[in-house]
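Once you've had a glance at the structure underneath, I'll fire off some questions.
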There are 2 protein chains.
Amino acid sequence: MIIVSLKHALLGFLSFGPATGYELKHAFENSIQHFWNADLSQIYRTLESLKDEGFVTMRIEHQETKPPKHIYSLTESGRAELIRWLSEPTVELPTVRNPFLFKVFFGALLPKETVLEHLRRFDAALHERLEIYKQIQEYLPKRCREQGLRAHKPFLLATVRLGLRNLEVQQQWCRELISEIERL
Amino acid sequence: MIIVSLKHALLGFLSFGPATGYELKHAFENSIQHFWNADLSQIYRTLESLKDEGFVTMRIEHQETKPPKHIYSLTESGRAELIRWLSEPTVELPTVRNPFLFKVFFGALLPKETVLEHLRRFDAALHERLEIYKQIQEYLPKRCREQGLRAHKPFLLATVRLGLRNLEVQQQWCRELISEIERL
DNA sequence: CCCAGATATATGATTATACATATATTAGCA
DNA sequence: TGCTAATATATGTATAATCATATATCTGGG
């Protein structure tokens, strides 16, 4: 099953209005980092290929001091492709890849204290991430208002809500496991 | 941050005893499919490179009717590398990539009924996956007993528990969102 | 005043991942 | 009898993703 989502994610954000690669990177960070992230270099290359396919157009805006902006806009054909992809059912659940869980899975091969150390770090990382998602959740309504995306608000918030709940569940699991291992 | 986990996952499973690539694929499916999965072709290639690095050895067992088995065993150096990797703290939270969530995120661009359809399919997929994880959870203790991995049991079960809870949280979220959108 | 970080783009290299395909036999089912 | 699934390996290709690096300027904090 081929999933070329970065392309469609970029088309999606461009449906909110024209933007540069750099701005799109921030759009990722400010809204969907809990279910996708992308390297800037990958975003630039993908935008180029979207241009080649005719899904976006690009114009250059020169700035005095900073590098020129390459501003991409969605074309009609790009919008059609976006809607086509969005309408298509998702066949499979996403592949999860969590190398950290290997360290728990094979925990019996390690001293108890090392596993506990791993789990405490994980807990701390979850905590940090939770704070970020809470901020995203807090600022999203304002961003929606500012950018005239009122109709989008419930959908954007819904995905953040899932991100938050996932983190909470992981944190609870992590803390329970710490107690369990301490008692072993 | 370079994370070459498939290598270490294979070393981990080989620490339970010698196995073929085909068997390792099943080991993935029967225990950690909730946080990792790997293509058979990728497993074969990775085993070869582990052999080149001296972390495993391979011997061929010829069979009458079926293709010969390539049985891989962990070497001392492989075990050392496994322990080294397991002991090393995981720096970052895993990257999640869920293309389905894009379809929710950009849900305002679609007819309400299409989004609901997506969500219902997602719910069904979660249900299916839940059944699989429950089976894994049910059979893991038996597998541990049979393979003399008693000390591993609490760790293996812990990771499955997280997989189950993640699915449950997603299912709950999904159902709530269906109601919310129906009311819109 | 210096250093870090934000702004803005881009290329090159390497690795990881996915997908198709090939081979060959057996077992079970309809 | 014909089809599918399981057993078992392997290659070839294409794309996705990561990482390092390069350039150039401005802003803000210590």
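By convention in this document, chain letters (A, B, ...) are assigned in the order of the sequence lines, proteins followed by strands, and residues within each chain are numbered from 1.
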Can the ring centroids of A/Phe102 and B/Phe13 be said to lie less than 6.0 angstrom from one another? no
Do any side-chain nitrogens or oxygens of A/Arg97 fall under 4.0 Å of OP1 or OP2 in D/dT18? no
Value in whole Å for how far the C1' atom of C/dA16 lies from CG of B/Asn37: 13 Å
When you compare the side chains of B/Glu168 and B/Gln172, does any donor N or O come within less than 3.5 Å of an acceptor on the partner? no
Starting at atom NZ of B/Lys25, determine the distance to atom P of C/dT17, rounded to an integer number of angstrom. 13 Å
Quick check: A/Phe122 with A/His118 (ring centres under 6.0 Å apart)? no
Do B/Tyr72 and B/Glu48 have a side chain donor and acceptor closer than 3.5 Å? yes
Specify the separation, in whole Å, of atom CG of A/Leu40 and atom P of C/dT9. 8 Å
Distance-only, no hydrogens or angles: does the B/Thr114 side chain make a donor-acceptor pair with backbone N or O of A/Ser87 under 3.5 Å? no
With a 6.0 Å cut-off (strictly less than), is the heavy-atom count around CD of B/Glu128, excluding the residue itself, greater than 12? no
Got a sec? Which of residues 41-53 of chain B come in under 4.0 Å of DNA chain D, heavy atoms? B/Ser41, B/Tyr44, B/Arg45
The residue, B/Thr95 or B/His70, whose nearest nucleotide of DNA chain D is more 5′ is B/His70
For residues B/Phe35 and A/Phe100, establish whether the separation of their ring centroids is below 6.0 Å. no
The nucleotide from D/dT7, D/dA17, C/dA18 with an atom nearest the side chain of B/His26 is D/dT7
Please collect all side chain to side chain donor-acceptor pair (under 3.5 Å) contacts where either partner lies in residues 134-154 of chain B, sequence neighbours excluded, each pair once. none
Using a 4.0 Å heavy-atom cut-off to protein, can you give one letter per nucleotide of nucleotides 21-27 of chain C, 5' to 3': B if the base is in contact, S if only the sugar-phosphate is, - if neither? ----SS-
Whole-Å gap separating P (C/dT17) and CZ (B/Phe28): 10 Å
Which residues pass the side chain to side chain donor-acceptor pair (under 3.5 Å) test with B/Arg121, sequence neighbours left out? none
Would you mind listing every salt bridge (charged side-chain N to carboxylate O under 4.0 Å, His left out) that reaches into residues 100-115 of chain B, with sequence neighbours excluded? B/Glu113-B/Arg120
Kindly state which residues belonging to residues 11-24 of chain B come within less than 4.0 angstrom of DNA chain D, counting heavy atoms of the residue only, listed by number. B/Thr20, B/Gly21, B/Tyr22
Going through the checks in order, is the side-chain hydrogen bond (donor to acceptor under 3.5 Å, both in side chains) test met by B/Glu61 and B/His70? CA-CA 6 Å; B/Glu61 191 182 286; B/His70 293 199; over 6 Å; no
